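We number each residue from 1, following the sequence as shown. Values below: all heavy atoms of this structure, side chains included; hydrogens, waters and symmetry mates excluded. On a predicted model such as this, the values are computed, not experimentally measured, just so you know.
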Amino acid sequence: MLTFRVETWEDLERDGSEIFKVHYDELALHKDAMPMGLDNAIYLEFQRLGLLVVLTARRDGVLVGYWVGIVIHHNPHNKDAGKVATCDMFYILPEQRKGGAGARLLMAAESELRKRGVKKASLSTKIHFENGALLDALGWEKTDIVRQKLL
């Protein structure tokens with residue numbers, strides 16, 4: 001049975017070492033210049049400040065996916081609009097991408113963000129692994145194009 005729940009960064013970090021590698025191997029670009037390396041101290045500080053949201057997807061207790069977001073009280077250039085959140089990581093193991101697992105995880109994240117008073121959330125998606133049909137179906141609208149450059 002697939003379940004979704006809010007957990008701590010320590011829970012995800014403890015159980016996620018293998019899935020983080022799979023996530024990185026599948027989606028990261030420029031691996032030679034940008035090696036994988038989670039900064040646990042920053043995640044723990046965000047958590048201490050109440051800014052981190054960790055949702056897990058577990059099948060029979062085993063971690064199969066996660067959504068990690070950062071919430072701030074307002075966008076610095078829109079101070080009266082309320083809390084905003086950005087998705088830092090969203091991933092479901094390839095063999096678990098069936099039965100709407102990704103959609104259900106995103107809906108659980110949306111629900112948790114609403115509980116926390118978030119007014120607007122953002123999520124980026126890789127061009128080479130664009131899950132636009134899923135995001136469109138859930139009502140996420142395209143608003144920006146993000147570009148990156150190795151320097």
Exercise. Decide yes or no on side-chain contact (heavy atoms from CB on, under 4.5 Å) for Thr56 and Asp11, but give the supporting numbers first.
Key: CA-CA 9 Å; Thr56 60; Asp11 295 328; 5.9 Å; no

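- In this structure, a donor-acceptor pair under 3.5 Å is absent between the side chains of Glu141 and Thr143.
- Considering only residues two or more places apart in sequence or on other chains, Glu45 meets the side-chain hydrogen bond (donor to acceptor under 3.5 Å, both in side chains) condition with Arg48.
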Quiz prompt | Derivation and outcome, side-chain contact (heavy atoms from CB on, under 4.5 Å), residues Gln47 and Thr8 | solution = CA-CA 8 Å; Gln47 182 173 273; Thr8 66; 3.6 Å; yes

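- At a threshold of 4.5 Å between non-hydrogen side-chain atoms, the residues Met1 and Asp60 count as touching.
- Atom-to-atom distance recorded for Glu10:CD and Asn40:CG is 9.0 Å, nearest 0.5 angstrom.
- Cluster membership for Leu29 and Val22, using ILVMFWY side-chain heavy atoms within less than 4.5 angstrom, is not shared.
- When side chains are defined from C-beta on, Phe90 does not count as touching Thr125, because their heavy atoms never get closer than 4.5 Å.
- Identified under the ring pair (Phe, Tyr, Trp, His ring centres under 6.0 Å) test for residues 22-49, with sequence neighbours left out: Trp9-Tyr43, His23-Tyr66, His23-Tyr91.
- Taking both residues in full, the closest heavy atoms of Leu135 and Leu106 are given as CD2-CD1, 3.6 Å, listed atom of the first, atom of the second, then distance.
- Side-chain contact annotation: Glu110 with Trp67, donor-acceptor N/O pair under 3.5 Å absent.
- No continuous path of ILVMFWY side-chain contacts below 4.5 Å connects Met34 to Phe20, so the two sit in separate hydrophobic clusters.
- What you find for Glu112 and Val53 is that their closest heavy atoms are CG-CG1, 3.9 Å.
- Using a 4.5 Å cut-off between side-chain heavy atoms of Ile, Leu, Val, Met, Phe, Trp and Tyr, with links allowed through other members, Ile42 and Met89 fall into the same hydrophobic cluster.
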Exercise. With side-chain contact (heavy atoms from CB on, under 4.5 Å) as the test, would you mind laying out the steps for His73 and Lys83 before giving the verdict?
Key: CA-CA 4 Å; His73 296 290; Lys83 287 183 180 181; 3.9 Å; yes

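- Judged by distance alone, with hydrogens and angles left aside, the side-chain atoms of Arg97 form no donor-acceptor pair with the main-chain N or O of Gly102 at under 3.5 Å.
- Shortest non-hydrogen contact noted between Ala101 and Gln96 is CB-O, 3.4 Å.
- Lys79 places no side-chain N or O within 3.5 Å of a backbone atom of His74 that could act as its donor or acceptor partner.
- Considering CG of Leu138 and CG of Asn131, their distance stands at 9.5 Å, rounded to 0.5 Å.
- How far CG of Leu134 is from CD1 of Ile92: 10.0 Å, rounded to the nearest 0.5 Å.
- Closest heavy-atom contact between Ala33 and Leu150: CB-CD1, 4.0 Å.
- For the pairing with Val71, the side chain to side chain contact (heavy atoms under 4.5 Å, CB included) check across Leu113, Thr86, Leu49 returns one residue only, Leu113.
- Closest heavy-atom contact between Ala109 and Leu55: CA-CD1, 3.7 Å.
- Using a 4.0 Å cut-off between charged side-chain N and carboxylate O, Glu95 and Arg59 make no salt bridge.
- Residues Asn78 and Lys120 have side chains not in contact (no heavy-atom distance under 4.5 Å, counting atoms from C-beta outward).
- The local environment of CE in Met36 is crowded, with over 12 non-hydrogen atoms from other residues, nucleotides or ligands closer than 6.0 Å.
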Exercise. Any chance you could lay out the side-chain contact (heavy atoms from CB on, under 4.5 Å) test for Glu13 and Leu38, step after step, and finish with the verdict?
Key: CA-CA 9 Å; Glu13 196 273 329; Leu38 296 173; 5.5 Å; no

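- Scanning both residues, Leu52 and Arg116, for their nearest heavy atoms gives O-NH1, 3.5 Å.
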